[in-house]
Amino acid sequence: MLLRQLEYLVALARERHFARAAAACYVSQPSLSAAIRRLEHELDVPIVRRGRRYEGLTPEGEVVLAWAHRILAERDALRQELSALRGGLTGTLRLGVVPTALPVASLLTTPFCERHPRAGVSLESLSSAQITHGLAEFELDAAMTYLDDDTLRQVRRFPLYEERYMLLTPVDGPLGASDTARWSQAAALSLCLLSPRMRNRRIIDECFAADGATAAPAIETDSVAGLYAHLPGGRWSSVISHAWLHMFGVPEGMRVVPLTGAAHGPRVGLVVAHSEPESVLAEALVAVAREAGVRDALDELLHSYLGGRG
C-alpha cells in the first residue's frame, strides 16, 4: 500500500468525481482509478461504489478513508518535526477562518511567517460547518472561529478576542453626531448587513430584537468586503464588529458610534484538533497566538476611532 494511493482516495472522497480528483492530484483519470483498484486488491475490500459515475464509498471504504486521513496527517507531522530539527519549520500551515474573522487573520499569520520564514500559510475563508469538517478530517491544521460553536469536537480552544458591535454611519446622518445609539435607533436607518445565513447577522438580529426592533436592510451580502464596498457615499449605515476596523477602518465621511445595551458578541479564537501526533505547524501558530495580544490590539484600535468615547 502506497501513500499516493491514500492521497488519491482522499481526493476522490473530497471531489466526489474521478476526473476532478485526478486533476487535483495532477494525474490522469485512468492512473487514479487504477491506483484505487490496486488499493482495493491489496486490502481485499471494495472501497468505491461504482456505477456510471462515482456513487460514494462502501462502508469498508469509509473506514479506509478515516485511516487514510490519519496516516497522511501522521506523515505530515513527521515531516514537520524533522524539518524543525533540521533548523526551522517548513511546510504549509492550513488555516481555516470564518469570514467575519478574516480581517484580523494577519495578526497571527504575519508574525507566524516572520518567526518561521521557511514555512508558508494556506488561508481559506470557510463556514463554521466547513471548519468542523476540515479539522475532523485532518484537512486543516488550525482555524479561527467562534469558540461557542457546539459542533466543534475534540479541539483545543485559545481565545483571541470578543466581538464588539458598533454602528458605522454617515457623519451627516440622523445618528452621525450621537455619542451612543440604541439598537432600535440603528434599525430605523438605511442598512447594509451581512446575510441571515451568517453567524454575525443572526447575533445582531438577536440584539435588535432585545431592544424591541427588527432590522430590514436594503442590502445583504455574504462578505465583509462586500458590505464595506457599499458604505462610502453617505447613504448606508451598518452594524460592524470592531475587528473589521483592523482591515477596513472607517470610510471617509462616516463615524463609529457605540451601541448601548447588548453590544458585545461571542468570543473568537484559535482552535486546533486534539490529535496524536500533534501538528508542529499548529503548535507553532498557538505559540504565536499566545503572544500576539490580539484583543488588546483591537481594543486600542477601536479606542482610537472613538476618540475616547468608549
Side-chain angles (χ1 to χ4, degrees), residues 1 3-17 20-21 24-25 36 39 43 45 47-49 54-81 91-102 105 108-109 112 119-160 197-199 202 266-287 289:
M1 180 170 56
L3 291 175
R4 178 63 66 181
Q5 293 170 320
L6 300 181
E7 291 174 343
Y8 291 169
L9 176 61
V10 169
L12 179 61
R14 181 182 66 248
E15 301 294 337
R16 301 188 61 81
H17 190 278
R20 290 197 299 268
C25 295
I36 291 178
L39 183 61
L43 296 177
V45 294
I47 292 176
V48 178
R49 290 191 286 113
Y54 175 78
E55 295 181 356
L57 301 180
T58 64
E60 296 91 341
E62 294 290 351
V63 173
V64 176
L65 177 65
W67 276 98
H69 281 301
R70 189 178 310 173
I71 292 168
L72 294 174
E74 291 184 349
R75 176 206 58 185
D76 293 341
L78 172 61
R79 287 175 173 171
Q80 293 164 14
E81 190 165 343
T92 301
L93 172 75
R94 301 164 300 174
L95 180 65
V97 185
V98 290
T100 48
L102 204 58
L108 295 187
T109 56
F112 175 85
V121 177
S122 174
L123 184 68
E124 280 194 87
S125 176
L126 301 172
S127 68
S128 298
Q130 289 171 320
I131 283 174
T132 298
H133 175 81
L135 290 170
E137 299 298 328
F138 303 98
E139 295 172 358
L140 296 173
D141 296 301
M144 291 175 63
T145 187
Y146 293 105
L147 296 184
D148 62 351
D149 184 350
D150 293 335
T151 66
L152 289 170
R153 297 284 189 273
Q154 300 297 314
V155 298
R156 290 180 293 144
R157 294 169 167 84
F158 303 91
L160 294 174
R197 66 183 180 83
M198 301 188 73
R199 173 70 180 278
R202 295 195 295 271
R267 293 183 305 162
V268 175
L270 182 68
V271 297
V272 298
H274 273 298
S275 61
E276 290 294 339
E278 295 175 341
S279 166
V280 177
L281 289 169
E283 293 307 307
L285 183 64
V286 168

Exam field: side chain His69 to backbone Glu137, donor-acceptor pair closer than 3.5 Å: yes
Spatial distance of atom CZ (Arg70) from atom CZ (Arg75) [nearest 0.5 Å]: 15.5 Å
Approximate separation, where rounding is to 0.5 Å, of Glu283 CD and Asp141 CG: 10.5 Å
Gap separating the CD atom of Glu124 from the CZ atom of Arg94, nearest 0.5 angstrom: 10.0 Å
Which residues share a side-chain hydrogen bond (donor to acceptor under 3.5 Å, both in side chains) with Thr109, sequence neighbours left out: none
Phe158 vs Val271, side chain to side chain contact (heavy atoms under 4.5 Å, CB included): CA-CA, chis, key distance, verdict: CA-CA 6 Å; Phe158 303 91; Val271 297; over 6 Å; no
Any Leu39 side-chain heavy atom under 4.5 Å of Leu6 side chain: yes
Set of side-chain hydrogen bond (donor to acceptor under 3.5 Å, both in side chains) partners for Glu60, sequence neighbours left out: Thr58
Separation of Leu160 CG from Leu108 CG (nearest 0.5 Å): 5.5 Å
Contact summary for Arg199 and Tyr146, nearest pair of heavy atoms: CG-CE1, 3.4 Å
For Arg49 against Leu57, the heavy-atom pair lying closest together: NE-O, 3.4 Å
Gap separating the CG atom of Leu281 from the OG1 atom of Thr92, nearest 0.5 angstrom: 8.0 Å
Check: Arg156 side chain, Ala273 main-chain N or O, donor-acceptor pair, under 3.5 Å: no
Closest contact, heavy atoms only, Ala142 versus Leu285: CB-CD2, 4.0 Å
Full working for side chain to side chain contact (heavy atoms under 4.5 Å, CB included) between Asp148 and Arg267: CA-CA 7 Å; Asp148 62 351; Arg267 293 183 305 162; over 6 Å; no
Minimum-distance pair of heavy atoms, taken over all atoms of Phe112 and Gly120: CE2-O, 4.2 Å
All side-chain hydrogen bond (donor to acceptor under 3.5 Å, both in side chains) counterparts of Thr145, not counting sequence neighbours: none
Residues that Ser125 engages under side-chain hydrogen bond (donor to acceptor under 3.5 Å, both in side chains), provided they are two or more places apart: none
Beyond-backbone contact of Ser128 with Thr151, side-chain heavy atoms, under 4.5 angstrom: no
Closest non-hydrogen atom pair, Ala13 against Tyr54: CA-OH, 4.1 Å
Which residues share a salt bridge (Lys or Arg N to Asp or Glu O under 4.0 Å) with Arg4, sequence neighbours left out: Glu7
Least distance between heavy atoms, Glu15 atom then Arg20 atom: O-NH2, 2.8 Å
Positive for side-chain contact (heavy atoms from CB on, under 4.5 Å) with Leu140, one of Leu126, Val97, Leu95: Leu126
Approximate separation, where rounding is to 0.5 Å, of Met144 CE and Thr100 OG1: 9.5 Å
Residues that Ser127 engages under side chain to side chain contact (heavy atoms under 4.5 Å, CB included), provided they are two or more places apart: Ala129, Gln130
